[in-house]
Amino acid sequence: MWRTSTCLRSNAPKRAVNRSSRALFTKGLGSSPPNVRACLSHPKCAHSTSTLSRWVSGAAALRPQSNPEGSSAARDLPVSRIDDRKVVIGWDTHTWTRYHHIWLRDHCRCSQCFHPVTKQRLVNTFEIPPEIKPVNVESKTDGLEVTWPSSQPHTSFYPWSWLQENSYDPPMHQTPPTEKILWGSKIQQSPPTVTFEEAMLEDDRGVFKWLSNIDKFGFSFITDVPPTPEATEELSRRIGFIRETQYGTFWDFTSDLAKGDTAYTTLALGAHTDTTYFTDPCGLQLFHLLSHTDGTGGATLLVDGFYVASILKELHPRAYELLSTVPVPAHAAGEPSALYTPSMGGSPVLKHEGGQLVQVRWNNDDRSVMRNLEPGLVEEWYDAIRLWQKFLTSSDSEYWVQLSPGTSVVVDNHRVLHGRSAFSGKRRMCGAYIGVDEYRSRLAVLAERFAPDAVVRDTTPYASVNGRSVWNPAL
Ligand SMILES: C[N+](C)(C)CCCC[C@H](N)C(=O)O
Ligand SMILES: O=C(O)CCC(=O)C(=O)O
């Protein structure tokens, strides 16, 4: 038996979010909605009344006002009905998604169930009856309103765009991951670049451009950087706090073996990613060549590991499979006070999540004994890394660039391999590591501000407290 609140127009748009109604949302105090009052007595609500009153100024609009214009927009609304275990939503005559009752109740984002400031769950998931079932569902202008059975009726609201983004039965249109542009040596014709001035802009637009470069290409140059360690450290900190390691915090190094690593020599270093010996390899690596006198060489090598992996996958799928499955142990043992090895005996060269390549982890110099290889795979694995090395070092993949004082480069250490040619003379390089989560968080906050996705755009007007929508898809 269907209980629908409105008829369904067959040509309703895929994303049946009616933006015109956004103007209907009032942002402001209004009366304190019941759920905030309920929060005052909520056992987990530890805030003082004054703090809560500040919530009211923000939380009051956590739900849109109903559409006073009445039914004109109603015809665009999805239909909704209550099934035995799920709520069914009809977006158009061909597109239906279902949401378990328990799932919906657990994801209520009213200020009684979800802390509007801290964005943490307040509802006790484990007190929700497993057989919970709504007493009513209603398609409102910008979302679904669900009324739950309880001594005090509890109403939840779910924005249409959020329901679409988080659909799972079946999954609908989801925001595609940011585009990665794979590159080979021809990137030298137009490498991603920002200026120091842009990167230092107070409003962070320049940092967003810089990190968007890295997100898309896996690296970015920064030009016109004052050739000092101080300016380079200040630049590094524009991304986030620096990740300290056994090499220090902000490093300023030369070929004096000050640290027990071949980076502190004049030797050539083949294409590699750093810190393969950490359970969580560093995210970004910034380099700035401060000086090189009385000698030659020391050119910088950049290779797009995602590009090379795509070629290997296409031409040698078995080799790709071995690099994606065989764990590679690693170590950093050059400092007497340190002996780093990753947990779980290392990770494969090519790490995947949901079938997507998400990380390249390769440093043949730092690789430890291959103690995890099945006997029958030993020679095949060596054939595979030989193919990997062949494509890594091909003229089509290698991008050689001679850095000079004033031009820094930042690489995504989870994607782009770097190296250098041997050199003579006095060469001074400085830089820093940034943690992968610090980098991803900084980019996410900037994207929230400068390139919000549909759910953030749709819900910010009425569901933001301290500048962040409780419906942000990252939560
Ligand atoms: C960058 N800095 C010169 C400080 C350290 C270099 C460490 C290189 C190490 N073999 C690795 O691959 O992690
Ligand atoms: O000295 C350089 O140019 C790079 C050194 C290096 O590869 C590293 O520090 O990981």
Side-chain angles (χ1 to χ4, degrees), residues 218-219 221-222 225 227 229 232-233 236 242-293 295-303 305 328-335 337-342 346-347 349 359-368 392-393 398-436:
F219 79 103
F221 289 113
I222 308 94
V225 182
T232 310
E233 179 168 359
S236 306
I242 291 174
R243 179 169 169 184
E244 186 173 6
T245 65
Q246 68 272 33
Y247 309 111
T249 306
F250 184 79
W251 9 271
D252 185 344
F253 66 99
T254 185
S255 52
D256 59 3
L257 261 185
K259 293 289 183 185
D261 189 280
T262 47
Y264 296 75
T265 70
T266 60
L267 294 172
L269 299 174
H272 67 280
T273 60
D274 270 26
T275 64
T276 50
Y277 37 79
F278 287 161
T279 302
D280 59 333
C282 293
L284 301 184
Q285 191 163 352
L286 182 142
F287 288 108
H288 188 187
L289 180 67
L290 295 178
S291 65
H292 185 184
T293 53
T296 58
T300 293
L301 167 65
L302 300 177
V303 181
V328 177
H331 61 266
E335 288 293 301
S337 61
L339 181 50
Y340 288 100
T341 57
S347 288
V349 178
Q359 185 177 0
V360 172
R361 195 168 169 164
W362 177 251
N363 184 326
N364 203 47
D365 297 349
D366 295 1
R367 178 167 56 84
S368 310
L392 276 181
T393 56
E398 291 190 335
Y399 169 36
W400 284 96
V401 56
Q402 179 60 60
L403 293 181
S404 57
T407 297
S408 294
V409 64
V410 177
V411 299
D412 174 349
N413 186 55
H414 285 209
R415 168 181 169 182
V416 171
L417 299 93
H418 64 279
R420 75 169 180 224
S421 58
F423 63 90
S424 58
K426 298 188 187 104
R427 182 176 182 271
R428 184 183 172 196
M429 179 72 87
C430 71
Y433 291 126
I434 303 280
V436 63

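Every number for a ligand or one of its atoms is a count from 1 in the order of the listing. For the single chain, residues carry numbers from 1 onward in sequence order.
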Ligand 1 to [X] polar contact by distance, N or O atoms, under 3.5 Å:
X    : result
N363 : yes
T275 : yes
T276 : no

Heavy-atom side-chain proximity of Q359 to P281 below 4.5 angstrom: yes
Student check: side-chain heavy atoms of T273 and H414 closer than 4.5 Å: no
Tell me if a side-chain donor or acceptor on [X] pairs with a main-chain N or O of [Y] at a distance below 3.5 Å.
X    : Y    : answer
H272 : H418 : yes
T254 : R427 : yes
N413 : D274 : yes

Shortest non-hydrogen contact from R420 toward T262: NH2-O, 3.1 Å
For R428 against D252, the heavy-atom pair lying closest together: NH2-OD2, 2.5 Å
Just jot down the ligand 1 atoms closer than 4.0 angstrom to any heavy atom of [X], in number order.
X    : answer
Q285 : 1 (C)
H272 : 12 (O)
D366 : 9 (C), 10 (N), 11 (C), 12 (O)
F253 : 3 (C)
D261 : 7 (C), 8 (C), 9 (C), 10 (N)

Show me the short polar-atom pairs for ligand 2: any N or O of it lying under 3.5 Å from a protein N or O, with distances only.
residue  : atom   : partner : partner atom : Å
ligand 2 : 1 (O)  : R420    : NH1          : 2.8
ligand 2 : 1 (O)  : R427    : NH1          : 2.9
ligand 2 : 3 (O)  : R427    : NH2          : 2.8
ligand 2 : 7 (O)  : H272    : NE2          : 3.3
ligand 2 : 7 (O)  : H418    : NE2          : 3.2
ligand 2 : 10 (O) : H272    : NE2          : 3.3
ligand 2 : 10 (O) : D274    : OD1          : 2.9
ligand 2 : 10 (O) : D274    : OD2          : 2.9
ligand 2 : 10 (O) : Q285    : NE2          : 3.4
ligand 2 : 10 (O) : H418    : NE2          : 2.9

Parallel, tilted or perpendicular: ring planes of F219 versus Y399, cut at 30 and 60 degrees: tilted
Whether Y340 and Y277 hold their rings parallel, tilted or perpendicular, with breakpoints at 30° and 60°: tilted
Option whose closest heavy atom lies nearest to atom 2 (N) of ligand 1, chosen from Y264, F287, W362, Y277: Y264
